[in-house]
Amino acid sequence: MSQAPEILVRVDRAVKHYFRGSECVEVLHEVNLEIERGDFVGLIGPSGSGKTTLLNLIAGLDQPTSGHIFFAGNEISAMNESQLARWRTNAVGFVFQFFHLIPVLTAFENVELPLLLTNMSARRRRDHVRMVLKAVGLDHREHHRPGQLSGGEQQRVGIARALVTDPALIVADEPTGDLDSKKSKEILDLLQMLQEELHKTLLVVTHDPNVAGRTRRLLRIDSGRLIEDRCDANRPLPLRRAAPVAVSSNSAGLVDQPG
Ligand code: ADP
Ligand code: MG
């Protein structure tokens, strides 16, 4: 029996203004977008075109000036700061260009950090952290600090940290921007594995043509408008959620869903 695709993210006429001094600059102009659960979506465009701004709205790091953002049918643009922070802990994993690891903490401790915001027991935290370090191929590096790891390994720690709360959506802003092409390929293989095997939904902002070539759907933004939307029809979406790598956040009693 075939399943209708489920819309995980819906952006409805999102506008974003910033003020530079007294000047108001419109950075996003009425953006409309739907992202299906389980998709691997790339977002490309020139520097300053609004990629990070749009990603931050979808990930609940920022709110639109007008318009609405929905996630699994809940309007996150109507949430207050504390509801939004709670929702983010559950729903979104973040991967950054410069990894943003804490240098004095080990790989294990860096990955454990998001779980410290939850009410999970120390023992379950340890099991989750080990599970995701294994999933990214770094179980033999858990006691290493970031400075003792290669750039590619540091980014894999970053991905494990994004994965550890078992979020539905993983967002990555230039995840290969600081890596050579061999390391980039390893990270891309890993991101694709998150989609194909763990059935995560991925939104990846990138300048890297190798990343853009690997996503299933590719969006292009220019001057705050989506100007192109391409989809690889030969790659169907995974239909069903696979057995989760990390125990589901809800069954693990992480945090309550808002609302
Ligand atoms: P991209 O990620 O595509 O390079 P951004 O989304 O970061 O672009 O930025 C889009 C535009 O918004 C740029 O002109 C940038 O200078 C401006 N901008 C981004 N964040 C802010 C901010 N906090 N205050 C003022 N202007 C901003
Ligand atoms: Mg950016």
Side-chain angles (χ1 to χ4, degrees), residues 8 37-38 40 59-61 71-72 82-96 99-172 175 183 186-204 238-258:
L8 184 66
R37 189 186 283 272
F40 184 2
L61 285 174
F71 185 92
S82 72
Q83 289 171 323
L84 199 58
R86 211 149 43 105
W87 167 81
R88 269 197 313 267
T89 304
N90 246 345
V92 192
F94 294 87
V95 178
F96 304 94
F99 323 135
H100 291 200
L101 302 177
I102 312 263
V104 297
L105 300 183
T106 63
F108 181 99
E109 291 163 338
N110 268 286
V111 174
E112 188 184 28
L113 272 182
L115 296 180
L116 297 177
L117 299 171
T118 72
N119 54 14
M120 190 186 278
S121 72
R123 191 189 175 139
R124 297 191 77 156
R125 287 202 304 269
R126 191 190 58 207
D127 292 345
H128 277 243
V129 172
R130 296 222 164 115
M131 209 162 7
V132 291
L133 279 172
K134 193 161 195 287
V136 302
L138 279 185
D139 36 339
H140 58 304
R141 292 276 189 271
E142 69 172 72
H143 301 301
H144 288 57
R145 295 209 167 82
Q148 301 168 313
L149 298 170
S150 71
E153 287 174 329
Q154 290 184 52
Q155 191 57 301
R156 283 197 268 157
V157 175
I159 291 172
R161 180 186 52 193
L163 199 56
V164 75
T165 54
D166 197 23
L169 176 68
I170 295 192
V171 297
K183 300 274 166 40
E186 282 173 27
I187 295 303
L188 281 170
D189 290 343
L190 195 50
L191 291 175
Q192 197 160 340
M193 185 278 284
L194 300 186
Q195 186 222 2
E196 290 180 351
E197 290 174 33
L198 307 183
H199 296 193
K200 298 297 176 192
T201 307
L202 273 78
L203 176 61
V204 181
L239 281 182
R240 269 270 168 226
R241 205 175 185 290
V245 62
V247 180
S248 140
S249 51
N250 290 329
S251 67
L254 281 176
V255 279
D256 297 332
Q257 290 285 359

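Worth saying up front: this structure is predicted, and the values here are computed from it rather than measured.
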Q. Can you tell which of K134, R126, R130, R156 makes a salt bridge (Lys or Arg N to Asp or Glu O under 4.0 Å) with E142?
A. R130
Q: Can you measure from CD (Q155) to CG (L138) and round to the nearest 0.5 angstrom?
A: 11.0 Å
Q | CG on N90 to CG on L169, rounded to 0.5 Å | A | 12.5 Å
Q.
Can you list everything that forms a salt bridge (charged side-chain N to carboxylate O under 4.0 Å, His left out) with D189? Sequence neighbours excluded, please.
A. K185, R214
Q: Please report the closest heavy-atom contact between A91 and F71, naming both atoms and the distance.
A: CB-CE2, 3.8 Å
Q: Identify, with sequence neighbours excluded, every residue that meets salt bridge (charged side-chain N to carboxylate O under 4.0 Å, His left out) alongside R161.
A: none
Q: Would you indicate whether the side-chain heavy atoms of E109 and V104 approach each other to under 4.5 Å?
A: no
Q. Which pair of non-hydrogen atoms, one from R145 and one from P103, has the smallest distance, and what is that distance?
A. CD-O, 3.4 Å
Q | Side-chain heavy-atom pair V111, L113 within 4.5 angstrom cut-off | A | no
Q) Nearest heavy-atom pair of V95 and G158: which atoms, and what distance? A) CG2-O, 4.3 Å
(Q) Nearest 0.5 Å, please: how far is OG1 in T165 from CE in M120? (A) 8.5 Å
Q) Going by heavy atoms in the side chains, are R141 and L149 under 4.5 Å from each other? A) yes
Q.
I'd like to check L198 versus L163 (side-chain heavy atoms, cut-off strictly below 4.5 Å). Are they in contact?
A. yes
Q: For residues P114 and T89, determine if any side-chain heavy atom of one lies less than 4.5 Å from a side-chain heavy atom of the other.
A: no
Q: Looking only at non-hydrogen atoms, find the nearest pair between F94 and A59 and report the distance.
A: CE2-CB, 3.5 Å
(Q) Can you tell me how far apart NZ (K200) and CG (D166) are? Round to the nearest 0.5 Å. (A) 3.5 Å
Q) Considering only heavy atoms from C-beta outward, does the side chain of T201 approach that of F40 to under 4.5 Å? A) no
**Q.** Straight-line distance of I159 CD1 to I187 CD1, nearest 0.5 Å
**A.** 4.5 Å
Q: Could you check if a side-chain atom of P175 sits within less than 4.5 angstrom of a side-chain atom of L191, using non-hydrogen atoms only?
A: yes
Q: Hey, could you give me each pair passing ring pair (Phe, Tyr, Trp, His ring centres under 6.0 Å) that has a residue in residues 99-121? Not counting sequence neighbours.
A: F96-H100
Q) Taking R88 for the side chain and G60 for the main chain, is one N or O donor matched with an acceptor at less than 3.5 Å? A) yes
Q | Euclidean distance, H128 NE2 relative to T118 OG1, rounded to 0.5 Å | A | 8.5 Å
Q. So which heavy atom on P167 is nearest to which on A162, and how close?
A. CG-O, 3.2 Å
Q) Closest heavy-atom contact between L190 and A135? A) CD1-O, 4.1 Å
Q.
Has N110 got a side-chain atom pairing as donor or acceptor with I102's backbone, closer than 3.5 angstrom?
A. yes
